[in-house]
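Here's the structure, in structure tokens; my notes come after.
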There are 2 protein chains.
Amino acid sequence: MEKIDGRTKLLEVGTRLFAERGLNGVSIRELAQEAQTSISMISYYFGSKEGLYAEVLRQQFASFKEIHQIREQVEDPVAMIEEYLRWTFRRHRNNPHLLRFYTSELTNPTPFFEPIVMPVIDEVIVAMAEVIEEGKKRKQFREDIQPTNAALALAGMVNYFFLSLLATENLINHSPEQDDQLVHQYLSIFTKGVAA
Amino acid sequence: MEKIDGRTKLLEVGTRLFAERGLNGVSIRELAQEAQTSISMISYYFGSKEGLYAEVLRQQFASFKEIHQIREQVEDPVAMIEEYLRWTFRRHRNNPHLLRFYTSELTNPTPFFEPIVMPVIDEVIVAMAEVIEEGKKRKQFREDIQPTNAALALAGMVNYFFLSLLATENLINHSPEQDDQLVHQYLSIFTKGVAA
DNA sequence: GTTTATAGATCGAACGTTCGTTCGGCGTCT
DNA sequence: AGACGCCGAACGAACGTTCGATCTATAAAC
């Protein structure tokens, strides 16, 4: 039974509670009680409640930077989109809270959206738009696709699908084995298709 | 210069402010000031702040019921999906607040999600899943599509796309003329396609 | 090896502010 | 005169923050 330090415990509890009810939906008294510490510890470690929230956000969105490593490793646009989908699935499955912060900040931005969240989201969208552009050049993707719109649609599909799983509490039931089917389905938007 | 009654003004202001910052992000004092009335009017007309929020939610999600009329009018599955997309585009363009309530309630549900929001969302998803199922029977859609997942993905794509427009404040710039391209792009997931 | 000093972690009480709600009264119509 | 729309003051509760005191553990001094 090892005792983890109070700061870590607060970050842990903050992540869970802020994800569930947002910045304004959680009080420092609830945070302190859940972390089995006192209310003054939040100001002590993070300056303020908003300081704790900002630190939680930074932790949550740190994984977005991985997109650059993935892009270096995978050269082919189709393979890259596939890898992007699997990477996103993996991230959401490993961290069920990320999606809530992501969507919540996009819908009702806090003062931390612009400095913390927007830059990392932007990097991913720009990166994927470039990948799609390259795919068009290589005639792998349809001509009528607008890269930035397509990158947004792609991210939207995946995120929203997981959001629906989250809302119906099926996130745990969705196993890695189902990824293949989803990847294939989503990928097909970009590949040459025949309209009915 | 006609004077609208206080109740309507409060609903109007409540819709805008709750959409921007959520139930917990807006105080009754701010609502009253913005509506140029006094703080006691909220309890007077709606019982409580939550009562006002609930009424706003009911107004916002009333349009979801239109799905049944549309389904009665359009018989062909492909045409139905197309009509669904146009209907959704139209709704989001006419009411820029709807999407925020939709996503916000899905991500961080208030006590009103279950009684007010969930039922109408469910009706739309079930209806579209049935349409997709019918499309599979008629060999219009690919065999490997799972109807409910596909209905969720479809809704996700559209909603998230508009959410991104909202976040970048481009919603006004997106004109009805661009709908055709989007409809075609999104529709292609369901039509028989060739993987690259 | 014992004592002392020092820095960090933790606490609960208290502060001032803001919150949502209630209530008595005032004006304006029917 | 009675019903309704409306107001501002007041209430208790909850909020986030601050502060002085206490505890702990390591380092320094003897």
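What you see is a predicted model, and the numbers here were worked out from it, not measured in a lab. When reading the values below, keep in mind they use all heavy atoms of this one structure, side chains included, and skip hydrogens, waters and symmetry mates. Sequence lines set the chain letters: A, B, ... in the order given, protein chains first and strands last, and positions in each chain run from 1.
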In residues 15-22 of chain A, which ones come under 4.0 Å of DNA chain D, going by heavy atoms? none
Looking at D122(A) and M118(A), would you say the former's side chain and the latter's main chain have a donor-acceptor pair under 3.5 Å? no
Could you check how far CD of E30(A) sits from C1' of dC15(D), rounded to whole Å? 13 Å
Pairs involving residues 29-50 of chain B, ordered by first then second residue, that meet ring pair (Phe, Tyr, Trp, His ring centres under 6.0 Å) (sequence neighbours left out): none
When rounded to whole Å, the CG to P distance for the pair L10(B) and dG5(D) reads 13 Å
Per the side chain to side chain donor-acceptor pair (under 3.5 Å) rule, what does the pair list look like for residues 105-114 of chain A, sequence neighbours excluded? Y53(A)-E105(A), E105(A)-T110(A)
Measure the acute angle between the ring planes of Y102(A) and F64(A), then classify it against the limits of 30° and 60° as parallel, tilted or perpendicular. tilted
Go through the structure and list residues passing side chain to side chain donor-acceptor pair (under 3.5 Å) with S27(A), not counting sequence neighbours. none
Of all residues at least two apart in sequence or in a different chain, which pass the side chain to side chain donor-acceptor pair (under 3.5 Å) check with E12(B)? none
Rounded to whole angstroms, how far apart are CD on Q33(A) and P on dA14(D)? 13 Å
Across nucleotides 17-30 of chain C, 5' to 3', mark each nucleotide with B, S or - according to how protein heavy atoms within less than 4.0 Å reach it. --BBBBB-------
Non-neighbouring partners of E133(A) that pass side chain to side chain donor-acceptor pair (under 3.5 Å), sequence neighbours left out: none
How close or far is atom P of dG5(D) from atom CG of D5(B), stated in whole angstroms? 9 Å
Quick one: side chain to side chain donor-acceptor pair (under 3.5 Å) partners of R21(A), sequence neighbours excluded? E30(A)
Which residue pairs pass the salt bridge (charged side-chain N to carboxylate O under 4.0 Å, His left out) test with at least one member in residues 46-56 of chain A, sequence neighbours excluded? E55(A)-R58(A)
Sequence neighbours excluded, which residues qualify as salt bridge (Lys or Arg N to Asp or Glu O under 4.0 Å) partners of E130(A)? R71(A)
Five-pair end axes of the helix from dG1(C)-dC30(D) to dC26(C)-dG5(D) and the angle they enclose, rounded to 10°: 0°
Write out all pairs satisfying ring pair (Phe, Tyr, Trp, His ring centres under 6.0 Å) with one or both partners inside residues 23-42 of chain A, taking only residues at least two apart or from two chains. none
OP1, OP2 of dG8(C) versus side-chain N and O of Y45(A): anything below 4.0 Å? no
